[in-house]
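Scroll down for the structure; my scribbles are underneath it.
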Amino acid sequence: LILSLGWWWAFAARGVRLVPYAAPLAGVAVDVDKGFVALLASREAEDQRLYPVTVSSKDRERVVSAEAHTFLQLLQGIDMGVAVLPPNELDRSFDATGVELRRVAVRRFQGPKQLQARDAAPSGACPPATAAARGPTLAKALEGLGLSLTASEGARLLATYADSAGDLDREAFSRVLVAARREGPADKVVETTLVSTRGLEVDVAPFQALALALRYDVDLDVDEALFDEADAVDFRDAEAAFPLLRTVEDIQLEGRR
């Protein structure tokens, strides 16, 4: 059942595609600028467009990251429950137990959400010097969870959520995760949101959102406005824009061999 990636590196001449892709998840690709991307497709057939959502920025020439390998396995129905997507990832994302996922929303980023006063530590609880000193450590810890932050962004989170000693208890660390996932990088275009059966929502990184959608086989609710973004391409041009594109059907067929 282990995914064979030999086809990924083989070059094959391709013509212009005339048949639209399956929507909303058309396939995946490795891109030198964006990394490993999931290609989301609009539902209209005649003028279908594809939008690339970066799952992992580490995979610029080939699949190397745990996130990309995990995503490919999930497309084949293989769920290993690995460290980047443990069995309790859904509960951990909501900081609750017994959560059931209804759908995953993929929307155009609307900007950082306003922090609620109850989410933060008392104003000025963590001294600026302590936050600055510990910022790199927090950024490194979050990197292991698939979140890319600078040391200064880590320091800002500590200044907001840590106690006077610069420490984060379990509840505070959960709030840091929520805040880090909400804000994202400065060039963020997409926000990905988990929606529970109780109507609760939490923003998570694209890898977590799309991978959990595959794990629980729930709908992807994609904002059609994304297909007007500059990175979107006409489906007939997708293979030229992403030469290493593989459709979901291709990957699933590969897994059955």
Side-chain angles (χ1 to χ4, degrees), residues 3-63 65 67-77 103-110 187-193 205-215 217-257:
L3 178 69
S4 170
L5 294 175
W7 45 260
W8 198 280
W9 327 125
F11 174 82
R14 303 183 183 211
V16 175
R17 184 182 178 99
L18 300 178
V19 180
Y21 292 87
L25 180 58
V28 297
V30 168
D31 181 76
V32 66
D33 295 318
K34 297 178 175 61
F36 182 82
V37 299
L39 293 165
L40 304 181
S42 62
R43 295 189 181 277
E44 58 188 35
E46 184 176 351
D47 296 313
Q48 187 186 61
R49 293 180 68 77
L50 271 60
Y51 184 83
V53 175
T54 297
V55 172
S56 169
S57 60
K58 302 173 186 175
D59 312 77
R60 303 281 179 165
E61 297 179 352
R62 57 191 179 90
V63 172
S65 69
E67 290 84 358
H69 281 291
T70 298
F71 199 82
L72 289 168
Q73 289 171 339
L74 287 167
L75 285 171
Q76 293 185 335
R103 61 187 175 89
V104 169
V106 185
R107 306 173 179 128
R108 177 185 280 170
F109 184 51
Q110 300 298 316
D187 60 351
K188 183 175 180 179
V189 176
V190 171
E191 63 182 14
T192 43
T193 305
F207 165 70
Q208 277 85 3
L210 298 178
L212 288 171
L214 292 173
R215 170 178 282 176
D217 191 24
V218 299
D219 289 340
L220 277 178
D221 180 11
V222 182
D223 182 1
E224 290 293 315
L226 285 175
F227 301 109
D228 295 327
E229 292 289 338
D231 284 343
V233 298
D234 187 282
F235 80 93
R236 288 168 284 254
D237 301 326
E239 291 177 352
F242 301 98
L244 297 180
L245 185 158
R246 296 298 292 182
T247 67
V248 170
E249 293 88 345
D250 288 340
I251 295 167
Q252 292 174 341
L253 178 61
E254 183 76 16
R256 291 193 290 268
R257 290 176 181 170

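Values in this document were obtained by computation on a predicted structure and should not be read as measured data. The chain is numbered in sequence order, starting from 1.
- Annotation: side chain of Val222 is not in contact with side chain of Tyr51 (no heavy-atom distance under 4.5 Å).
- For the residue pair Val63 and Ala68, the shortest heavy atom distance occurs at CG1-CB, 3.8 Å.
- Side-chain contact between Val30 and Arg62 is absent, with no heavy-atom pair separated by less than 4.5 Å.
- Closest approach of Ala23 and Arg43 over heavy atoms only: O-NH1, 3.9 Å.
- Using a 4.5 Å heavy-atom cutoff, the side chains of Arg246 and Leu244 are not in contact.
- Proximity of Arg236 to Asp47: side-chain heavy atoms (C-beta onward) are separated by under 4.5 Å at one or more points.
- In this structure, Val28 and Phe71 approach most closely via the heavy-atom pair CG1-CE2, 3.7 Å.
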- Task: Could you check Leu50 against Phe235 for side chain to side chain contact (heavy atoms under 4.5 Å, CB included), going step by step and ending with a plain yes or no?
- Result: CA-CA 6 Å; Leu50 271 60; Phe235 80 93; 3.9 Å; yes

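- Note: Glu67 CD to Lys58 NZ = 5.0 Å, rounded to the nearest 0.5 Å.
- Atom-to-atom distance recorded for Phe227:CZ and Leu40:CG is 6.0 Å, nearest 0.5 angstrom.
- The CD1 atom of Ile251 lies 9.0 Å from the CD atom of Glu254; values are rounded to the nearest 0.5 Å.
- In this structure the side chain of Leu220 reaches within 4.5 angstrom of the side chain of Leu210, judged on heavy atoms.
- With a 4.5 Å cut-off on side-chain heavy atoms, Val53 and Leu226 do not count as touching.
- With hydrogens and angles disregarded, no donor-acceptor distance shorter than 3.5 Å links the side chain of Asp219 to the backbone of Asp221.
- Under the 4.5 Å side-chain criterion, counting only non-hydrogen atoms from C-beta, Lys34 is in contact with Asp231.
- Atoms CG and CG, from Asp31 and Asp59 in turn, are 11.0 Å apart once rounded to the nearest 0.5 Å.
- Without hydrogens or angle criteria, Gln48 side chain to Ala41 main chain gives no donor-acceptor distance under 3.5 Å.
- A heavy-atom distance below 4.5 Å is found between the side chains of Leu25 and Leu214.
- A distance of 4.5 Å separates CD in Glu229 from CZ in Arg108, rounded to the nearest 0.5 Å.
- Between the CG atom in Leu39 and the OH atom in Tyr21 there is a gap of 8.0 Å [rounded to 0.5 Å].
- Listed here is the closest heavy atom pair of Val190 and Thr192: CG1-CG2, 4.0 Å.
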